Amino acid sequence: MRLTIVGCAGSMSSPDSASSCYLVQADGPDGAGGTRTWSILLDLGSGAFGSLLRHLDPAELDAVVLSHLHADHVVDITGLDVYRRYNPAGALGPVLVLGPPGTDARVAGLTMEEDLSALDSAFTFAEHVPGQVVEVGPLRVEAFPVEHPVPAFALRVTGPSQDGTRDVVLTYSGDTDACDALVEAARDADLFLCESAFQEDRDTVRGIHLTGLRAGTIATAAGARCVVLTHLPPWNDPAVVHAEATATYAGPLELATPNATWSL
Ligand SMILES: [Zn+2]
Ligand SMILES: [Zn+2]
């Protein structure tokens, strides 16, 4: 399994990065006796579609999995809509979009389609069902309801390791404050991609985001083997949340940066 950071800015895009978008890929059977690379996106936030073009032809995308429907996680699905529907090479057909209840209506609103069926040529929508695993080629996706002002899910992706010898787990927090479901989603994860939008002593409101300190606490409780902090708004000093997290998590800890990749 491979992770590529397409966009990691939190709550809005930044001078250096689009907002949330993460490309997860793994090789697996193509259904015709061969193998191929399977590609899913976790979120597609503001500015991310252009950045995605550096890493993947969107025609080869197998699914978009949305943690929640806030703008910084979903609005660039409008670019994917145009790319698939009006491609000069011919319409690409629908791609799976897996998200919270109401994802289809949210996308219709963004694309200004009054008739939902107009989106059928670009997307096939499905809703997260906690406890249910969705398979996309060799990748298995499970959604865990977490704590945020709108319905939001942490996403646990299980799939083959790069060397093909075992299954590995990548967990993405989405946007959330600390909660038991997030610990469960990140249990023994090989890589825990965790938001840290807030800073201790500055952001005291609860129920919305994690601080670096709380992200580290969750990672330790979950037994995550490696943590990548993400979703940092441009007004954050990354060094602050990194230092907070090292106070509560002793394992390998890095900050997400655009175009960075990890092989699991
Ligand atoms: Zn966000
Ligand atoms: Zn949010």
Side-chain angles (χ1 to χ4, degrees), residues 3 5-24 40-52 64-80 97-103 105-107 109-110 127-128 130 143-157 170-179 181-182 185-186 192-200 202-215 218 227-238 240-241 244-245 255-258 260:
L3 165 68
I5 308 292
V6 179
C8 55
S11 304
M12 64 203 86
S13 51
S14 79
D16 304 314
S17 179
S19 5
S20 297
C21 184
Y22 309 95
L23 173 62
V24 179
I40 67 173
L41 288 182
L42 308 181
D43 288 342
L44 189 44
S46 38
F49 185 79
S51 302
L52 174 65
V64 179
V65 187
L66 300 172
S67 66
H68 66 301
L69 300 176
H70 273 154
D72 58 314
H73 297 257
V74 68
V75 293
D76 264 27
I77 202 163
T78 55
L80 183 61
V97 177
L98 183 60
T103 294
R106 176 71 162 129
V107 175
L110 289 167
E127 294 182 356
H128 294 311
F144 293 72
V146 290
E147 191 174 340
H148 200 51
V150 299
F153 296 82
L155 303 169
R156 180 181 175 96
V157 184
L170 183 158
T171 296
Y172 167 48
S173 65
D175 284 5
T176 180
D177 201 343
C179 58
L182 183 58
F192 181 27
L193 181 63
C194 188
E195 73 115 302
S196 304
F198 280 176
Q199 292 180 193
E200 293 289 320
R202 185 192 69 187
D203 307 299
T204 54
V205 63
R206 296 302 304 261
I208 303 176
H209 286 300
L210 293 164
T211 62
L213 193 90
R214 294 202 290 271
I218 294 287
V227 173
V228 178
L229 298 176
T230 192
H231 197 283
L232 272 50
W235 53 56
N236 272 26
D237 177 353
V240 170
V241 288
E244 285 184 13
L255 290 163
T257 52

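As the structure is a computational prediction, the values presented were derived from the model and not from experiment. Read the numbers this way: they start at 1 and go in the same order the structure lists the ligands and their atoms. Only this structure's heavy atoms are used, side chains among them; waters, hydrogens and symmetry mates stay out. Sequence positions, counted from 1, serve as the residue numbers for this chain.
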- Item | Rounded distance (nearest 0.5 Å) linking atom CG of L155 with atom OG1 of T171 | 9.0 Å
- Query: Taking both backbone and side chain into account, is any N, O or S atom of E195 nearer than 2.8 Å to the Zn ion (ligand 1)?
  - Reply: no
- Check whether any N, O or S atom of H231, backbone or side chain, sits closer than 2.8 Å to the Zn ion (ligand 1).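 Yes.
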- Task: Please confirm if an N, O or S atom belonging to D72, backbone or side chain, lies less than 2.8 Å from the Zn ion (ligand 2).
- Result: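 No, outside the cut-off.
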- Query: What orientation do H231 and H209 show, parallel under 30°, tilted 30 to 60°, or perpendicular over 60°?
  - Reply: tilted
- For the residue pair H70 and H148, categorise the inter-ring angle as parallel (less than 30°), tilted (30 to 60°) or perpendicular (more than 60°). perpendicular
- Quick one: are S19 and S11 in side-chain contact, heavy atoms under 4.5 Å?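 Sidechains of S11 and S19: no contact.
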- Which is the closest N/O/S atom of D175 when seen from the Zn ion (ligand 2)?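 So the atom name we want here is OD2.
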- Task: For the Zn ion (ligand 2), find the closest N/O/S atom on H70 and give its atom name.
- Result: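 The H70 atom nearest to the Zn ion (ligand 2), restricting to N, O or S, is ND1.
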- Message: Just to confirm my numbers, could you give the angle made at the Zn ion (ligand 2) by NE2 of H148 and NE2 of H68, rounded to 10°?
- Response: 100°
- Task: Indicate yes or no for a side-chain donor-acceptor contact from T176 to the backbone of E147 under 3.5 Å, with no hydrogens or angles considered.
- Result: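 Flag set: sc T176 to bb E147 pair under 3.5 Å.
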